[in-house]
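Residue numbering restarts at 1 for every chain, and letters A, B, ... go by the order of the sequence lines. In this text, all values refer to a predicted model and were calculated from it rather than measured experimentally.
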Amino acid sequence: LMQQGALGNFFVHT
Amino acid sequence: MLELRLVQGNLLKKVLEAVKDLVTDANFDCSSTGFSLQAMDSSHVALVALLLRSEGFEHYRCDRNVSMGMNLNNMAKMLKCAGNDDIVTIKADDGSDTVTFMFESPNQDKIADFEMKLMDIDSEHLGIPEAEYHAIVRMPSSEFARICKDLSSIGDTVVISVTKEGVKFSTRGDIGNANVVCRQNTTVDKPEESTTIEMHEPVSLTFALRYMNSFTKATPLSSTVTISLSSELPVVVEYKIAEMGYIRFYLAPKIED
């Protein structure tokens with residue numbers, strides 16, 4: 001099963 | 001004091017139509033570089049980044065960096081009141097809690113002011129690093145929109161795979177499955193109708209079609225779209241806005257559980 005990734009997994013908050 | 005005069009006012013109308021379904025409220029940032037926006041959808045899966053460079057405006061005055069929180073549906077409502085050929089000027093005084101959109105007809109016989117209330121938005125800003133993408137596909141934006149629309153009638157997700165054969169868009173659903181392969185095609189007369197594939201490494205990623213379809217609302221802004229893919233990075237779907245900048249959509253891939 002595929003889960004939806006989140007942007008926070010790839011980009012950091014600035 | 002902020003005053004931005006955009007002769008091609010309909011660009012702004014098209015930008016709002018492209019983002020208003022993805023994002024409800026957003027801060028528009030104004031600096032000497034230009035008029036920009038970065039915002040995520042409510043589930044933090046997709047992000048939109050817009051830049052309209054200051055050089056693209058006929059008149060661009062921004063005395064200090066300003067961030068203006070706007071409800072995009074309300075902004076779209078106001079911009080819909082501008083004629084397609086109207087010149088649009090965005091105006092705001094320092095410290096004001098409103099922004100004014102001024103619409104001028106091309107022959108100056110009609111001038112309208114629409115004042116909109118600003119809002120305070122706690123926006124999260126993400127740093128997006130420069131990345132080397134495994135594959136970059138450039139294709140007609142209308143073709144990409146057609147594929148996303150067609151596939152979403154079959155399934156909920158799209159697998160985008162780039163190999164040296166071309167770019168393949170695949171979906172599966174209860175009624176069956178579908179594959180669309182686009183090959184590199186640079187022989188057409190018009191560059192905006194060509195498909196180019198720059199591949200450093202084969203890549204295959206899965207995305208929610210709902211978001212892809214939302215991104216294609218930007219199709220009227222550009223005849224071509226660029227899709228940049230890297231394994232385990234959000235895809236970038238970019239529409240260049242001629243002489244002004246771009247609208248980029250980032251979408252996190254679906255990952256194996």
Contact check, side chains of Phe10(A) and Pro253(B), non-hydrogen atoms, under 4.5 Å:
yes
How about the chain A/chain B donor-acceptor pairs under 3.5 Å, what are they, with distances?
{"residue": "Leu1(A)", "atom": "O", "partner": "Asp257(B)", "partner atom": "N", "Å": "3.0"}
{"residue": "Gln3(A)", "atom": "N", "partner": "Ile255(B)", "partner atom": "O", "Å": "2.7"}
{"residue": "Gln3(A)", "atom": "O", "partner": "Ile255(B)", "partner atom": "N", "Å": "2.6"}
{"residue": "Gln4(A)", "atom": "NE2", "partner": "Ala252(B)", "partner atom": "O", "Å": "2.8"}
{"residue": "Gly5(A)", "atom": "N", "partner": "Pro253(B)", "partner atom": "O", "Å": "3.0"}
{"residue": "Leu7(A)", "atom": "N", "partner": "His44(B)", "partner atom": "O", "Å": "3.0"}
{"residue": "Val12(A)", "atom": "O", "partner": "Gly127(B)", "partner atom": "N", "Å": "2.7"}
{"residue": "His13(A)", "atom": "NE2", "partner": "Glu124(B)", "partner atom": "OE1", "Å": "2.8"}
{"residue": "Thr14(A)", "atom": "N", "partner": "His125(B)", "partner atom": "O", "Å": "2.7"}
{"residue": "Thr14(A)", "atom": "OG1", "partner": "His125(B)", "partner atom": "O", "Å": "3.1"}
{"residue": "Thr14(A)", "atom": "OG1", "partner": "His125(B)", "partner atom": "ND1", "Å": "3.2"}

Report which part of Phe11(A) has an atom under 4.5 Å of a heavy atom belonging to chain B: side chain, backbone, both, or neither.
both
Among Ala208(B), Gly127(B), Ala46(B), Pro129(B), which residue has the highest count of heavy-atom pairs closer than 4.5 Å to chain A?
Gly127(B)
Taking all non-hydrogen atoms of both residues into account, name the closest pair between Gly5(A) and Ala252(B) and its distance.
O-CB, 3.4 Å
Is there a side-chain contact between Met40(B) and Leu7(A), using heavy atoms and a 4.5 Å cut-off?
yes
Do Leu126(B) and Val12(A) pass the side-chain contact (heavy atoms from CB on, under 4.5 Å) test, and can you show the C-alpha distance, the side-chain angles, and the key distance before you say yes or no?
CA-CA 6 Å; Leu126(B) 294 182; Val12(A) 291; over 6 Å; no
